[in-house]
Protein chains: 2
Amino acid sequence: MQSRPRIPEATVARLAVYLRVLTGLADGGRGTVSSGELAAAAGVNPAGLRKDLSHLGPCGTRGVGYEVATLRDRIAAVLGMETAHACVLVGIGNLGSALAGYGGFGNRGFEFVGLFDASPNRVGQRIGDLPVRPMEELDAVVTETRATIGVIATPAEVAQPVCDRLTAAGVRSILNFAPVALSAPAGVGVRQVDLSVELQVLAFLDKQRGAPAPAELAPAGGMA
Amino acid sequence: MQSRPRIPEATVARLAVYLRVLTGLADGGRGTVSSGELAAAAGVNPAGLRKDLSHLGPCGTRGVGYEVATLRDRIAAVLGMETAHACVLVGIGNLGSALAGYGGFGNRGFEFVGLFDASPNRVGQRIGDLPVRPMEELDAVVTETRATIGVIATPAEVAQPVCDRLTAAGVRSILNFAPVALSAPAGVGVRQVDLSVELQVLAFLDKQRGAPAPAELAPAGGMA
DNA sequence: GCGACTTTGTTCCTGCGTTCACAAGCGGTT
DNA sequence: AACCGCTTGTGAACGCAGGAACAAAGTCGC
């Protein structure tokens with residue numbers, strides 16, 4: 001079983017979760033884990049977890065489990081965490097500020113190397129240890145830092161032009177928080193995170209679940 | 001074809017996207033749209049879009065397309081947007097503040113009716129037109145406002161206890177931004193949004209795509 | 001009024017992801 | 001040294017999502 005050919009996307013997402021759990025276990029001094037325990041902590045099926053791990057070759061000991069530190073390093077290597085990834089963030093509004101100030105990225109191999117905003121009011125502010133720069137400097141910073149990931153937290157109207165500029169500057173992956181579908185050239189990965197869509201799915205599933213819906217903000221209306 | 005039995009979860013997520021596009025088209029005064037155009041704006045396949053729409057019965061005119069306003073209302077009704085959903089938000093840190101201040105929810109049928117934080121420093125601040133309340137008031141507010149959705153933006157360590165309190169108070173759906181897998185009683189829907197996982201998937205896909213990836217962090221950057 | 005074009009709605013098919021269940025292997029114990 | 005329990009790793013079946021092709025239906029033009 002080679003690890004190079006391809007790993008399913010859904011598996012990659014779960015590997016990232018396993019990695020976080022393993023890191024916590026290692027910090028707690030834990031030596032080994034079983035697939036059942038790890039699966040419970042990650043919120044997945046034990047069999048699925050073993051299948052996910054099988055994509056990176058045998059890395060467990062039968063009858064014992066997985067060595068926490070070893071497995072952690074293995075997953076980190078497969079996910080490409082041996083080298084830090086430089087990211088630029090465009091759009092320093094409410095959400096952008098939160099992302100820039102969120103400490104959860106740094107110790108996971110991602111580092112913001114540039115913050116950008118079109119508004120002169122924002123430019124010059126400091127968030128953490130980085131200044132907010134004007135959009136004019138975007139291309140230069142991307143080229144200089146060899147940033148490979150761009151995060152878009154702008155209003156929807158300007159997301160596509162920002163995407164174009166990022167890709168033109170050499171960014172190869174984009175995480176988009178603006179509520180629009182972006183079109184990027186082939187070879188550039190785009191991933192969409194849409195908060196209101198998440199809420200709507202949640203609300204629908206609740207409604208579908210046969211919610212008694214006692215009395216909400218408005219009377220429940222039956223439609224034909 | 002009934003709309004009640006079940007609509008696939010993936011379809012529901014896309015319906016929310018279509019709804020947003022349709023709203024924009026309606027505001028632009030557009031009368032009808034074809035599946036091809038709508039699919040392009042939503043970033044999906046035209047055939048898939050038609051299949052999605054078929055779950056809510058025939059709502060288009062052959063040879064013409066879909067009536068924008070009618071389809072918008074139809075989707076809104078199916079998604080349960082005829083009644084506003086009351087949400088409470090726990091954890092008013094960087095991300096929580098951004099969510100509370102984000103205007104993209106209000107006009108989509110979701111309204112925050114309570115903001116909560118455990119830190120006395122945060123309590124009493126106002127974000128928008130809502131005050132940050134202490135955790136002690138959570139149960140009362142949930143009961144009073146009949147909030148059905150809880151959003152967790154706390155540190156990972158306290159996410160599970162917060163989840164327990166929310167469900168105990170009667171919340172039926174939870175959107176979790178904390179990087180932990182939550183366990184909730186049956187009948188409560190949990191949806192996870194993990195920002196660092198998104199980044200890691202993005203980085204892996206780029207690496208797998210055959211990225212030359214000579215680009216590590218630039219030596220000139222003196223940060224961290 | 002009739003033909004032809006356009007577009008929807010449906011059906012089939014292919015591929016992926018998930019789950020269950022079994023065989024193989026290792027450690028501990030007697 | 002051999003047995004037994006425990007855990008991993010793998011193989012197969014099920015269900016679901018995605019995509020393409022076809023038929024139905026309605027409108028526009030003549």
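All values derive from a computational prediction rather than experimental measurement.
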Rounded off to whole Å, could you give me the [atom1]-to-[atom2] distance for the [X] and [N] pair?
| X | N | atom1 | atom2 | result |
| --- | --- | --- | --- | --- |
| A/Leu71 | D/dG9 | CG | C1' | 14 Å |
| B/Tyr18 | C/dT8 | OH | C1' | 15 Å |
| A/Leu38 | D/dT7 | CG | C1' | 13 Å |
| A/Glu37 | D/dT8 | CD | P | 10 Å |
| A/Leu56 | D/dT10 | CG | C1' | 15 Å |
| B/Glu67 | D/dG26 | CD | C1' | 15 Å |

Which atom pair, heavy atoms only, marks the closest approach of [X] to [Y]?
| X | Y | value |
| --- | --- | --- |
| B/Arg72 | B/Ala26 | NE-CB, 3.8 Å |
| B/Val113 | B/Ala86 | CG1-CB, 3.8 Å |
| A/Pro161 | A/Glu157 | CD-O, 4.1 Å |

Encoded 5' to 3' (Watson-Crick or G-U under 3.5 Å; [ ] crossing; | other strand), DNA chain D becomes ||||||||||||||||||||||||||||||
If you apply the rule side chain to side chain contact (heavy atoms under 4.5 Å, CB included), what do you find for A/Arg14 with A/Tyr18, and how did you get there? CA-CA 6 Å; A/Arg14 285 189 296 264; A/Tyr18 307 153; 3.5 Å; yes
Nearest 0.5 Å please: distance from the CG atom of A/Leu19 over to the CD atom of B/Gln200.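 Here the interatomic distance stands at 6.0 Å.
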Starting at CD1 of B/Ile92, measure out to CG of B/Leu99 and round the result to the nearest 0.5 Å.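 Those atoms lie 8.5 Å apart.
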Side chain to side chain contact (heavy atoms under 4.5 Å, CB included) evaluation trace for A/Arg20 with B/Ser196: CA-CA 10 Å; A/Arg20 173 175 42 225; B/Ser196 56; 3.8 Å; yes
Measure all distances between protein nitrogen or oxygen atoms and nitrogen or oxygen atoms of nucleotides 14-18 of chain D, and list the pairs falling under 3.5 Å.
residue : atom : partner : partner atom : Å
D/dG18  : OP1  : B/Arg14 : NH1          : 3.1
D/dG18  : OP2  : B/Arg14 : NH1          : 3.1
D/dG18  : OP2  : B/Arg14 : NH2          : 2.8

Report which part of the nucleic acid B/Gly48 touches: base, sugar-phosphate, or nothing (heavy-atom distance under 4.0 Å, all strands).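 Answer is nothing: B/Gly48 stays at 4.0 Å or more from every strand.
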What's the verdict on side chain to side chain contact (heavy atoms under 4.5 Å, CB included) for A/Asn176 and A/Cys163, showing C-alpha distance, side-chain angles and the deciding distance? CA-CA 9 Å; A/Asn176 177 37; A/Cys163 172; over 6 Å; no
Which protein N or O atoms sit under 3.5 Å from an N or O of nucleotides 22-24 of chain D?
residue : atom : partner : partner atom : Å
D/dA24  : N3   : B/Arg62 : NH1          : 2.7

Let me know, please, whether B/Gly63 or A/Cys59 comes out on the 5' side of the other along DNA chain D by nearest nucleotide.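 In this pair, the answer is A/Cys59.
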Which residues pass the salt bridge (Lys or Arg N to Asp or Glu O under 4.0 Å) test with A/Arg74, sequence neighbours left out?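 Not a single residue meets the salt bridge (Lys or Arg N to Asp or Glu O under 4.0 Å) criterion with A/Arg74.
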Measuring to OP1 and OP2 of [N], would you say a side-chain N or O of [X] lies under 4.0 angstrom away?
| X | N | value |
| --- | --- | --- |
| B/Ser54 | C/dG9 | no |
| B/Ser34 | C/dT7 | no |
| A/Tyr66 | C/dC26 | no |

Would B/Thr154 and B/Phe116 count as a side chain to side chain contact (heavy atoms under 4.5 Å, CB included) if you check the C-alpha gap in whole Å, the side-chain angles of each, and the deciding distance to 0.1 Å? CA-CA 10 Å; B/Thr154 66; B/Phe116 300 90; over 6 Å; no
Please identify each residue that fulfils side-chain contact (heavy atoms from CB on, under 4.5 Å) with B/Cys87, with sequence neighbours left out.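 Residues passing side-chain contact (heavy atoms from CB on, under 4.5 Å) with B/Cys87: B/Phe110, B/Phe112, B/Ile149.
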Restricting to side-chain contact (heavy atoms from CB on, under 4.5 Å), what partner residues turn up for A/Asn94, sequence neighbours left out?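 Partners of A/Asn94 by the side-chain contact (heavy atoms from CB on, under 4.5 Å) criterion, ordered by chain and then number, come out as B/Ala98.
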Side chain of A/Ala47 only, please: which of D/dG26, C/dC20, C/dT8 is the nearest?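 Ranking D/dG26, C/dC20, C/dT8 by closest atom to the A/Ala47 side chain puts C/dC20 first.
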